[in-house]
*Asks:* 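Here you go, one structure.
A note on names: the letters A, B, ... follow the listed sequences, proteins ahead of strands, and every chain is numbered from 1.
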Amino acid sequence: MNTGLEAAIAATLKELFGIEETHVDLQETRKEFEGDLTLVVFPYLKASRMSPEATAEAIGKALLPQAEDVSAYNVVKGFLNLSLSDAPIRAAMDRMLLDEQWGIVKLNPDVPAAMVEYSSPNTNKPLHLGHIRNNLLGYSVAKLIEATGKPVLQVQIINDRGIHICKSMYAWKMFGGGETPASTGMKGDHLVGKYYVRFDQQLKSEVANLVAQGLSEEDAKKSAFCMKEVQQMLQDWESGDTEVLELWNTMNSWVYEGFNATYDRLGVQFDKNYYESQTYVLGKKDIEIGLAQGVFYRREDGSVWIDLTEDGLDEKLVLRKDGTSVYMTQDIGTAIQRFSDYQMDSLTYVVGNEQDYHFKVLFLILQKLGYTWAKTLSHLSYGMVDLPSGRMKSREGTVVDADDLLDEMESTAQKLSEELGKVEGLSEAERASLYRTLGHGALKYFILKVDPRKRMVFNPEESIDFNGNTGPFLQYTHARICSILRKAGVMGSWSWEDFTLATKEKEVIKCLAKFPSIVQKAAADQNPSDVASFLYELAKTYNGFYQVHSVLNAETPQIAAFRVALSGQVAGALQRGMALLGMAAPERM
RNA sequence: GGUCCCGUAGCUCAGCUGGAUAGAGCAUCUGCCUUCUAAGCAGACGGUCGCGCGUUCGAAUCGCGCCGGGAUCACCA
């Protein structure tokens with residue numbers, strides 16, 4: 001909106017004081033002062049050789065006749081406050097009206113894609129609150145990148161193999177009595193999770209017996225019968241035992257069905273699923289190549305390592321002495337595979353910050369292996385979701401299950417909607433859909449409004465708010481506008497000559513005008529919370545306008561038509577902005 | 001112990017490429033529905049920005065040192 005103003009100020013600075021300033025930094029004027037934009041003049045005092053006030057006054061005086069967009073100025077100490085004339089505000093509105101998707105850059109299918117990996121669950125237990133933060137972040141970041149015009153590949157890598165999977169398989173075989181999701185009515189992931197827990201109980205009781213017989217806790221764990229059985233099962237799996245593989249396939253299919261149901265509810269989807277059962281062999285040949293290049297070295301016992309001490313890190317194992325791969329091995333292989341499979345120029349891993357070190361090492365290794373794309377890798381490292389009591393612990397049963405949480409959000413939405421009498425005239429299906437929209441909106445906004453990098457606290461005792469700085473607040477603002485638009489129908493025309501803008505109207509336009517740059521910045525920073533904060537500010541600003549000005553009963557039909565258009569722009573920005581957060585914008589609530 | 005992250009109102013969070021009297025929401029209290037949805041609006045109350053030193057015209061923001069919390073340093077993933 002203030003394009004050109006910086007240049008005008010730079011010119012003025014040069015003219016008055018001979019200052020060669022390339023980037024003049026204007027900031028929004030604080031609410032308690034008169035004006036729209038503020039220039040801080042302290043940096044120019046040396047050159048001006050005048051007091052702060054005199055310097056600001058001189059700049060303002062020189063600027064006023066030159067800059068058309070500036071209608072007035074005032075000086076408070078070292079701050080030059082500039083008031084914008086209506087012209088740039090009108091122009092901003094005019095630009096919005098030209099583009100239905102204003103704020104979102106049109107997708108260009110011809111540029112290389114960005115890959116975003118997120119979710120990446122284990123198949124031995126259902127998704128929980130931590131996965132929800134991960135999924136919401138991953139999805140939102142994908143949408144943000146798309147909003148810069150770039151295609152996005154959303155992928156997950158499913159940890160479907162290993163000792164932990166065998167644990168639930170073993171327990172099901174021993175204690176399951178042939179239970180299936182169909183026979184129990186349980187969601188597949190929950191059923192499998194139940195047997196994972198069941199295994200842990202079995203192990204505990206066996207360990208207790210062994211400890212009673214005099215074994216140490218550690219030895220007892222190793223020699224417990226069930227543990228040996230599970231290890232055998234893993235070996236059978238790796239050697240391709242058909243019976244084990246069949247059970248593995250069956251139970252995993254239950255889990256996937258369950259995961260997909262939860263993904264559906266969350267509104268996330270993936271372009272491709274990677275499975276560790278397929279990728280864990282990748283990387284071994286890359287290790288060989290790296291050995292030949294001298295990037296890695298082999299120790300006497302046959303294990304392969306990389307020495308990162310010169311980079312301030314440690315020595316890191318990349319291949320076990322028995323030649324089997326570790327997590328790092330397959331991550332190396334999978335990354336290389338992906339860049340050869342797809343036309344893409346960046347890869348973002350949405351993974352919790354407890355793996356910061358792992359990704360630091362991974363990226364460094366790939367760089368050392370000489371892959372030019374290695375510098376385009378990024379780790380969106382997000383903080384834990386903690387309970388007021390601290391970390392979620394499955395052993396203490398404090399894990400907040402994703403499905404349960406979504407259920408609770410929906411029923412809270414239902415309860416509030418009914419109490420407020422908002423659902424009269426809606427069909428059953430419409431009501432259910434509304435509860436889902438509102439409940440999920442509340443949850444998504446609650447999580448995404450927080451800076452991803454910071455850990456956040458979630459209190460399951462207190463239900464997530466629907467008032468104040470919340471998802472439903474944004475949705476409510478949208479629904480109210482939709483109500484106006486419905487009643488307005490087709491409005492007459494209006495033009496800028498018909499009226500002068502009221503202060504509240506200007507505030508709305510000025511706020512709205514920031515939308516495109518907010519989206520671009522949020523995408524660049526991989527930070528959905530910037531969008532959330534903006535949407536809140538927008539809704540708040542609009543509600544301030546709504547409170548004092550009537551749209552449909554405006555002073556003149558032209559003003560009414562203008563306000564309908566303005567309201568429509570706000571609704572559009574809210575809708576598109578919420579979509580970037582994975583939130584739906586209801587038309588009534 | 002090494003490395004990294006975090007510490008802002010009673011609670012949950014903004015602000016952090018240095019700028020004016022540190023902002024929201026919740027909670028508590030006060031007003032506002034005969035006019036477009038009160039899940040709203042307006043206001044009150046509430047802060048040694050963990051502590052100290054430094055850099056600067058100016059520090060919540062940058063640097064150093066403490067204190068407190070967390071993560072990570074596995075032939076686990």
*Asks:* Now, which nucleotide makes the Watson-Crick or G-U wobble pair with B/rG31, with each of the two distances under 3.5 Å?
*Replies:* B/rC41
*Asks:* Can you measure A/Tyr445 atom OH to B/rA39 atom P for me and round it to whole angstrom units?
*Replies:* 18 Å
*Asks:* Identify which nucleotide among B/rA71, B/rC36, B/rA39 has an atom closest to any side-chain atom of A/Leu552, counting heavy atoms from C-beta outward.
*Replies:* B/rC36
*Asks:* Under the criteria of a ring-centre distance below 5.5 Å and an interplanar angle below 30°, is A/Phe33 stacked with the base of B/rA20?
*Replies:* yes
*Asks:* Between B/rA20, B/rU37, B/rC75, which nucleotide has the shortest distance from any of its atoms to the side chain of A/Asp301?
*Replies:* B/rC75
*Asks:* State which of B/rC36, B/rC13, B/rA39 makes the closest approach to the side chain of A/Leu438.
*Replies:* B/rA39
*Asks:* What do you reckon, do A/Phe79 and the base of B/rA20 stack, with centroid distance below 5.5 Å and planes below 30°?
*Replies:* yes
*Asks:* Please compare A/Lys77 and A/Asn543 by the position of their nearest nucleotide in RNA chain B and report the one closer to 5'.
*Replies:* A/Lys77
*Asks:* Which whole-number value in Å describes the distance from A/Phe545 CZ to B/rU37 P?
*Replies:* 14 Å
*Asks:* Is the ring centre of A/Phe473 less than 6.0 Å from the ring centre of A/Tyr476?
*Replies:* no
*Asks:* Can you tell me how far C1' in B/rA71 sits from the matching atom in B/rC32, rounded to whole Å?
*Replies:* 49 Å
*Asks:* Looking only at side-chain atoms of A/Tyr546, point me to the closest of B/rC76, B/rA38, B/rU12.
*Replies:* B/rA38
*Asks:* Output the single nucleotide from B/rC41, B/rU35, B/rC75 whose closest atom is nearest the side chain of A/Leu317.
*Replies:* B/rC75
*Asks:* Examine the base of B/rA39 for any acceptor or donor lying under 3.5 Å from a partner atom in the side chain of A/Ser417, and report the outcome as yes or no.
*Replies:* yes
*Asks:* For nucleotides 1-9 of chain B, just jot down a letter per nucleotide in 5' to 3' order: B, S or -, based on protein non-hydrogen atoms under 4.0 Å.
*Replies:* ------S--
*Asks:* Mind checking who B/rC62 pairs with, Watson-Crick or G-U wobble, both distances under 3.5 Å?
*Replies:* B/rG54
*Asks:* Taking the minimum atom-to-atom distance to the side chain of A/Asn159, which one of B/rA20, B/rA77, B/rG25 wins?
*Replies:* B/rA77
